[in-house]
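Worksheet for the structure shown next.
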2 protein chains.
Amino acid sequence: MENNDFVKELGYLGFTMRLKRISDAMMHEGRRLYSELDVDIEPNWYVIFKLLKSRGAMSVTEIAESIRMAHPSVIHITNKMTDAGYLISEKDPTDSRKRVLDLSARSVKMLPEYEKIWQAGEKGVEKVLKEHNALELISILEDKFFDKGFKERTLEQLKNKKS
Amino acid sequence: MENNDFVKELGYLGFTMRLKRISDAMMHEGRRLYSELDVDIEPNWYVIFKLLKSRGAMSVTEIAESIRMAHPSVIHITNKMTDAGYLISEKDPTDSRKRVLDLSARSVKMLPEYEKIWQAGEKGVEKVLKEHNALELISILEDKFFDKGFKERTLEQLKNKKS
DNA sequence: TCTTTTTATGTAGTTGACTACGCAAATATA
DNA sequence: TATATTTGCGTAGTCAACTACATAAAAAGA
């Protein structure tokens, strides 16, 4: 960080933007990392890989709920993974509305290599965050600001001017 | 948060995605908040408003550096603010490459109202985060993961397999 | 059984970041 | 002074997330 960072000067008002900047920066770093290692996957795919490996085949909506994402986002990600040959998509035989996704043979073959990278990334993050209770803070943020949290809290403050 | 959140199960591996989810959620909440209050501004504009109010007129690149964003992003945001009548754009008389941006009369008129909202939002965030050293943690994240941080740390871990 | 409601998926359109590249003006250098 | 480099801005193209809406199948209810 440079010392002339205006967002930092804004205190708690700058919090959301700083959160976004860090998250965006890490995403872009992830993309650069993969491209430098010549690995043709994208950041965030790892969640789908891990999920399907752990739980087996799942439908679009099941995936969306498991990782708390809107279903169109899941469709977008998994379509790209399917195009890249990492996922297999099949109609559910008992419910023809559903589409069931699972890891392809290519995924099974490549996963060991990719998991090395993810483990290294995790270690790097862990080293920095272990002594700072970072996961605990993230949990609190999720509890307080997911869904209606931030808006409601602000409207509340606008009404009760006293505080 | 629901209890069946797979990303949470991933430990430090899920950290970046959880960061992104929270930051996205807060952004969307912000948009909903403004629309509910019938205010025609967008999340993140507040940083530009605050910056120009505090520092006076600035060029595109100066703004980008002050808030640590890529300059095309700043152009994108400030163009929309200009279209909405909140900013004035003028060529720098001494350097014709530069374009200098400043708050319009409309901004000056509306700012007191908007600042009430931002103050309320800040209070809401502050209430939740005060006892958790959240700003300190954000600073650490910025120090460690901005720019080349995350990629370099991961590559390092990939080499030194021992740790 | 026929109709209504719910569920699962998909598409379209919006927003907000980024990188890569191009162009023109200012500055530095030969 | 002429050329080369740097700087400032802008555009194009990419990607990820969201909401709103559409469609079709399944489930529920009359």
Side-chain angles (χ1 to χ4, degrees), chain A residues 16-32 34-36 41-48 58-65 67-84 89-101 146-147 151, chain B residues 16-32 34-36 40-48 58-65 67-84 89-101 146-147:
Chain A
T16 54
M17 190 172 184
R18 290 170 77 182
L19 218 55
K20 176 152 182 58
R21 287 193 313 189
I22 294 169
S23 133
D24 283 343
M26 289 184 91
M27 173 87 89
H28 288 290
E29 280 289 283
R31 197 176 302 285
R32 269 193 285 270
Y34 286 134
S35 111
E36 210 157 294
I41 61 178
E42 293 182 23
N44 286 354
W45 288 16
Y46 79 93
V47 186
I48 308 288
M58 295 177 82
S59 73
V60 173
T61 304
E62 279 168 348
I63 293 174
E65 283 169 356
I67 62 178
R68 287 183 67 86
M69 264 195 182
H71 82 269
S73 308
V74 172
I75 292 174
H76 188 238
I77 295 175
T78 54
N79 277 350
K80 293 181 71 176
M81 291 178 73
T82 306
D83 292 347
S89 162
E90 276 180 1
K91 275 249 171 286
D92 186 312
T94 67
D95 185 337
S96 69
R97 291 170 306 177
K98 286 191 190 172
R99 192 161 64 91
V100 178
L101 296 165
F146 247 118
D147 302 324
K151 193 191 74 185
Chain B
T16 53
M17 190 172 184
R18 290 170 78 183
L19 217 56
K20 177 157 180 53
R21 289 192 313 187
I22 295 170
S23 133
D24 283 344
M26 289 183 92
M27 173 86 92
H28 288 290
E29 282 287 284
R31 197 178 301 287
R32 269 194 284 270
Y34 286 134
S35 110
E36 212 157 291
D40 76 329
I41 61 178
E42 293 181 24
N44 287 355
W45 287 14
Y46 79 93
V47 185
I48 307 289
M58 297 177 79
S59 75
V60 173
T61 304
E62 279 168 349
I63 293 175
E65 282 169 356
I67 62 178
R68 287 184 66 87
M69 266 195 181
H71 82 268
S73 309
V74 172
I75 291 174
H76 189 236
I77 296 175
T78 53
N79 277 350
K80 294 180 71 176
M81 291 178 74
T82 307
D83 291 347
S89 162
E90 276 180 1
K91 277 248 173 285
D92 186 313
T94 67
D95 186 337
S96 70
R97 292 171 305 177
K98 286 193 191 172
R99 193 162 62 91
V100 178
L101 295 165
F146 248 119
D147 301 326

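When reading the values below, keep in mind they use all heavy atoms of this one structure, side chains included, and skip hydrogens, waters and symmetry mates. Just so it is clear, the structure is predicted and the values come from calculations on it, not from any experiment. Per chain, numbering begins at 1; letters A, B, ... match sequence-line order.
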**Request:** Could you please spell out the steps behind the side chain to side chain contact (heavy atoms under 4.5 Å, CB included) verdict for A:Ile77 and A:Met69?
**Result:** CA-CA 11 Å; A:Ile77 295 175; A:Met69 264 195 182; 4.2 Å; yes
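- In this structure, A:Asp24 CG and B:Lys20 NZ are separated by 5.5 Å, a value rounded to the nearest 0.5 Å.
- A:Asp83 meets the side chain to side chain contact (heavy atoms under 4.5 Å, CB included) test with no other residue; sequence neighbours excluded.
- Rounding to the nearest 0.5 Å gives a distance of 6.0 Å between CD1 of B:Ile63 and OG1 of B:Thr78.
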**A:Asn44/A:Met27 under side chain to side chain contact (heavy atoms under 4.5 Å, CB included): CA gap, chis, key distance, verdict** = CA-CA 8 Å; A:Asn44 286 354; A:Met27 173 87 89; 3.5 Å; yes
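- Evaluation of the salt bridge (charged side-chain N to carboxylate O under 4.0 Å, His left out) rule for B:Asp95 yields B:Arg97 as partners, not counting sequence neighbours.
- Every residue meeting the salt bridge (charged side-chain N to carboxylate O under 4.0 Å, His left out) condition with B:Glu36, not counting sequence neighbours, appears here in chain and number order: A:Lys151.
- Contacts between chain A and DNA chain D, taken as any atom within less than 4.0 angstrom of a protein heavy atom, begin and end at D:dC15 to D:dA26.
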**Message:** If you apply the rule side chain to side chain contact (heavy atoms under 4.5 Å, CB included), what do you find for A:Arg68 with B:Met17, and how did you get there?
**Reply:** CA-CA 11 Å; A:Arg68 287 183 67 86; B:Met17 190 172 184; over 6 Å; no
**Complete:** Quick tally for nucleotides 2-8 of chain C: nucleotides whose base has a protein heavy atom under 4.0 Å get B, sugar-phosphate-only ones S, the rest -, giving -----BS
So which protein N/O to nucleotides 14-18 of chain C N/O distances come out below 3.5 Å?
unit_1	atom_1	unit_2	atom_2	d
C:dT15	O3'	B:Arg31	NH2	3.3
C:dT15	O3'	B:Glu42	OE1	3.1
C:dG16	OP1	B:Glu42	OE1	2.8
C:dG16	OP2	B:Lys80	NZ	3.1
C:dA17	OP1	B:Asn44	ND2	2.4
C:dC18	OP2	B:Ala70	N	3.1
C:dC18	OP2	B:Ser73	OG	2.2
C:dC18	O4'	A:His28	NE2	3.0

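- If you take CE on A:Met58 and CD1 on A:Ile67, they are separated by 9.0 Å, rounding to the nearest 0.5 Å.
- One finds the CZ atom of A:Arg18 at 7.0 Å from the CD1 atom of A:Ile22 (value rounded to the nearest 0.5 Å).
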